[in-house]
Amino acid sequence: LESRSWITNIVGKISDWIDLDSADEMIRKNSLQALQQETSWAAHLSLQAILIPSPRLYSTNYARAMLQAFTGYQQIYVRIPLIPQLSMPYQYQHSQSKTDVSTEECSEYCKDGWLVWDGFRQNLGDFTRFFVALELTSECEDIDLDSAEGNAFVRRWCAEPVKLIILPVSLFINNNAGFPVLSRTMQRLLSILLPHCAQIVLTGKSTRDDHSYTLYAQYLRYLKSKDIQTLTEAEKHVLGYEDTLQAPLQPLMDNLEAQTYETFERDPTKYIQYEKAITRALLMLYEKRLMENSLIYGTGSPHRKSAKGAIVSTSNHDSAQDGGSEESVIVTTTLVLTVVGAGRGPLVAAALSASSLTNIPIRVYAIEKNANAVITLRNRAITEFWSNVTIVSTDMRDWVPPELCDILVSELLGSFGDNELSPECLDGAQKCLKHDGVSIPHNYTSFIAPIATSKLWNTAKAFNSSNSTISNGLDTAYVVRFKSAYQFATAQSLFVFEHPNRDKKIDNTRYGSRSFISETDMVMHGIAGFFESVLYSKELLDQRDGKSSGENRSSLDGQSACDYDDFTPTSPRSPRTPVRGTGSVKKEFFEGSVGNRGKDSALKPRAPPVPPPPGGLTSSNSNNNVSTTENSDKIATSDPVFDENNGENCDRTHMAEEVPPKSSTEHVVDTNKLYAEEDTVMLSIVPQTHTEGMQSWFPLFIPLAQPIRVKKGDTITIHIWRCADARKVWYEWCLSSP
């Protein structure tokens, strides 16, 4: 063969009889000599990959010989049976280091190939060039994949560097048509393993008359195509980001690029959920404001409810038709909505769409500190006729609002919920919100879980002091879409933040510890972080209003019942500079803050690309976006002027042409139907409650300083601190058990 064929098409194979851990000294010496000869021949042929025999359960000498023999560039595939056979050399051999192992433990060890691999790689130390060639045997037919134990037994291999699946021909059976097929159990095994391993090796002699492997290969291709699910456009775009470590975004410190904004805006699911939340908040607050207005303006109720539960505006003419002798006062209720961190306007568009859907007039303030994004925002206001939108270019914590808002909307959530400093930002912006106003999101909760992923841990370890801002790659957190990973315990909630935060002294530092029970024998490489957010919850708002019902917040002598009483609009300045987490293992803390203002990120932050929604977000037209005040029937148009409130550039609305008043019965919305659909609107990336189709956030990965070996049933206790000072926020973490 030509050298190119040896390099690209051939995988070398070390002789199976080599036994470097044999009790016979002569066999050990002959095995070592044969290994050296064969590895020398493989290097002469420039083979890129070599398959070596399976090690024993305890194979210290074998691991040492392999490290000495393969010092070059080759990838080493270690043959590991999923369930070792007792008759083969994987069986337990007494060694000086393991004389206290009982017969029962020996029998249990022999049933689990993962323990063979784990013991071998621990002896290797640096095993970045060693991969698994996982062999399926007839014993695999007995695995109960429907049980939690059996499922974990197989799925933990997803966290290991499996390069090949070795499939003996003897496992195939003939169907009624005489073609070779696999049993149901084997098919399910392959459906779990194939997404993590692209290559299958057939071994053994073909049983076909022509001694060909063609029918076997065709069947395996059929299985692979059968298991490929129909991916959405969003899922197709994020395939390239699997197992890619990224630095978490720091939007408070850095101005995001247009590409980052664009990729997030293409996630249809997130903004659909936001629009649902805004819709429900509008309906709830509108009805509440109508009740307040009817109290303020006396006996004549300006609005009534239809028989179907819809809110209907009434006029003098309506009252006469209804036989009412008392004249009603028409009061226009325009709700004020403020979007903080508006970016390029997707939340503004969602708010306008919700207003159009409910026919509830709103007045919108869009606050954005990124001057470059404001340019796009203003252009959208002109081209999409956002006549009732005021754009303000400033930091949300510095803005002095001309009026308090009914709804405060933001999308400052990070992969861990609070890691992009949403609490600090919203605490500074809540001065814009009325006392009974609604914050969207209402709250968010971070979740953690132990995770095994040797690939990502080794990648993080490769980052070293050569990076300008990361002195230790294992001392910071990353955003990553997990693929070669296995979460071996259910995620648990950790930190909770609720908005608005009405505490007299706001403290966003947190400490929490959580204990997990390992589902299987595993090596823990880090902590997986997720978040869950309640955008809107009628039940939670009712509870909040119930708690504050005793407060003296209502008055009819010129002050709205929803204004502030004792709450001071000026809150203490929050730290502006986020810092990615520092951490430690085994009760030792590493002081290693990174990411201070002005320094470049060690890893370029990248947002996960997601496709455009079908048809895009629905934008309201100019007729639906008329902002009507109590004493005017004017339409407002945008015109940039100078804001005298804070000295920042903003868009101020001015009155233009006259428009005819709306029909008195135009506003009819079936609130019962809308409320019945969904009283709680959520976003989640927690595995057990993940929002279907949402791709805007990838989980957080916090690597440990050293991997920790855990056994099935072991208790894993994780401690995490959220720390803050006057200039930064950071995390600390450790394990106290095992």
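Here the structure is a predicted model, which is why all the values come from computation and not from measurement.
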Working note: Leu735 + Ile716, criterion side-chain contact (heavy atoms from CB on, under 4.5 Å); need CA distance, chi angles, decisive distance, verdict. CA-CA 7 Å; Leu735 264 66; Ile716 304 166; 4.3 Å; yes

Donor-acceptor contact below 3.5 Å, side chain [X] vs main chain [Y]:
{"X": "Thr520", "Y": "Lys712", "answer": "no"}
{"X": "Ser484", "Y": "Pro161", "answer": "no"}
{"X": "Asp118", "Y": "Trp114", "answer": "no"}
{"X": "His525", "Y": "Thr453", "answer": "yes"}
{"X": "Ser191", "Y": "Arg188", "answer": "yes"}
{"X": "Arg514", "Y": "Ser493", "answer": "yes"}
{"X": "Glu141", "Y": "Met186", "answer": "no"}
{"X": "Asp714", "Y": "Lys711", "answer": "yes"}
{"X": "His690", "Y": "Gln688", "answer": "no"}
{"X": "Asn419", "Y": "Ser415", "answer": "yes"}

Taking the six-membered ring of Trp457, is the NZ or CZ of Lys461 close enough (under 6.0 Å from the centre) and on axis enough (within 45°)?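 Negative - Lys461 is either too far from the ring of Trp457 or too far off its axis.
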
Do we get Lys163 above Phe131's six-membered ring, with its NZ or CZ under 6.0 Å from the centre and within 45° of the axis?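 Judged by the rule (NZ or CZ under 6.0 Å from the ring centre, within 45° of its axis), Lys163 counts as positioned above Phe131.
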
Could you please spell out the steps behind the side chain to side chain donor-acceptor pair (under 3.5 Å) verdict for Thr137 and Glu139? CA-CA 5 Å; Thr137 59; Glu139 287 78 7; 3.0 Å; yes

side-chain contact (heavy atoms from CB on, under 4.5 Å) between Ile448 and Phe416, intermediate numbers included: CA-CA 9 Å; Ile448 58 172; Phe416 203 43; 3.7 Å; yes

Check against side chain to side chain donor-acceptor pair (under 3.5 Å), Trp6 and Gln48: CA-CA 8 Å; Trp6 285 107; Gln48 300 298 303; over 6 Å; no

Which is it for Ser212 and Thr214 under the side chain to side chain donor-acceptor pair (under 3.5 Å) test, yes or no, and what are the steps along the way? CA-CA 6 Å; Ser212 170; Thr214 303; 2.8 Å; yes

Take Phe701 and Thr459 through the side-chain contact (heavy atoms from CB on, under 4.5 Å) test and state the conclusion after the steps. CA-CA 12 Å; Phe701 173 57; Thr459 303; over 6 Å; no

Are [X] and [Y] ion-paired here, with the side-chain N under 4.0 Å from a carboxylate O?
{"X": "Asp243", "Y": "Lys455", "answer": "yes"}
{"X": "Arg156", "Y": "Asp112", "answer": "yes"}
{"X": "Arg28", "Y": "Asp19", "answer": "no"}
{"X": "Glu38", "Y": "Lys13", "answer": "no"}
{"X": "Lys29", "Y": "Glu25", "answer": "yes"}

List the residues meeting salt bridge (Lys or Arg N to Asp or Glu O under 4.0 Å) with Glu2, not counting sequence neighbours, and say none if there are none.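 Once residues adjacent in sequence are excluded, Glu2 has no partner under the salt bridge (Lys or Arg N to Asp or Glu O under 4.0 Å) criterion.
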
I want to check something: taking the side chain as every heavy atom from C-beta on, are [X] and [Y] in contact at a cut-off of under 4.5 Å?
{"X": "Arg722", "Y": "Phe495", "answer": "yes"}
{"X": "Leu494", "Y": "Phe530", "answer": "no"}
{"X": "Ile165", "Y": "Leu194", "answer": "yes"}
{"X": "Phe482", "Y": "Ile451", "answer": "yes"}
{"X": "Ile527", "Y": "Ile718", "answer": "yes"}
{"X": "Val162", "Y": "His196", "answer": "no"}
{"X": "Val480", "Y": "Thr244", "answer": "no"}
{"X": "Ile52", "Y": "Arg79", "answer": "no"}

Determine whether the side chains of Ser736 and His719 contain a donor N or O and an acceptor N or O closer than 3.5 Å.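 Yes, a side-chain donor-acceptor pair sits under 3.5 Å.
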
Looking only at the side chains, is there a donor atom on one of Thr715 and Ser515 sitting less than 3.5 Å from an acceptor on the other?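 No - no donor-acceptor pair under 3.5 Å links their side chains.
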
Let me see the working for Leu47 and Val11 under side-chain contact (heavy atoms from CB on, under 4.5 Å), right down to the final yes or no. CA-CA 7 Å; Leu47 297 181; Val11 174; over 6 Å; no

Anything under 30° is parallel, anything over 60° is perpendicular, the rest tilted; go ahead and classify Phe120 against Trp117.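 Correct class here is tilted.
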
Quick check: are there more than 12 heavy atoms from other residues, nucleotides or ligands sitting under 6.0 Å from CH2 of Trp41?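 Counting neighbours around CH2 of Trp41, 12 or fewer heavy atoms of other residues, nucleotides or ligands fall under 6.0 Å, so no.
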
Using the test ring pair (Phe, Tyr, Trp, His ring centres under 6.0 Å), find all partners of Tyr216 that sit at least two apart in sequence or belong to another chain.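 By the ring pair (Phe, Tyr, Trp, His ring centres under 6.0 Å) rule, Tyr216 matches Phe172.
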
Report the C-alpha distance between Trp721 and Tyr731 in whole Å, list the side-chain angles of each, state the deciding distance to 0.1 Å, and finish with yes or no for ring pair (Phe, Tyr, Trp, His ring centres under 6.0 Å). CA-CA 6 Å; Trp721 293 260; Tyr731 298 95; over 10 Å; no

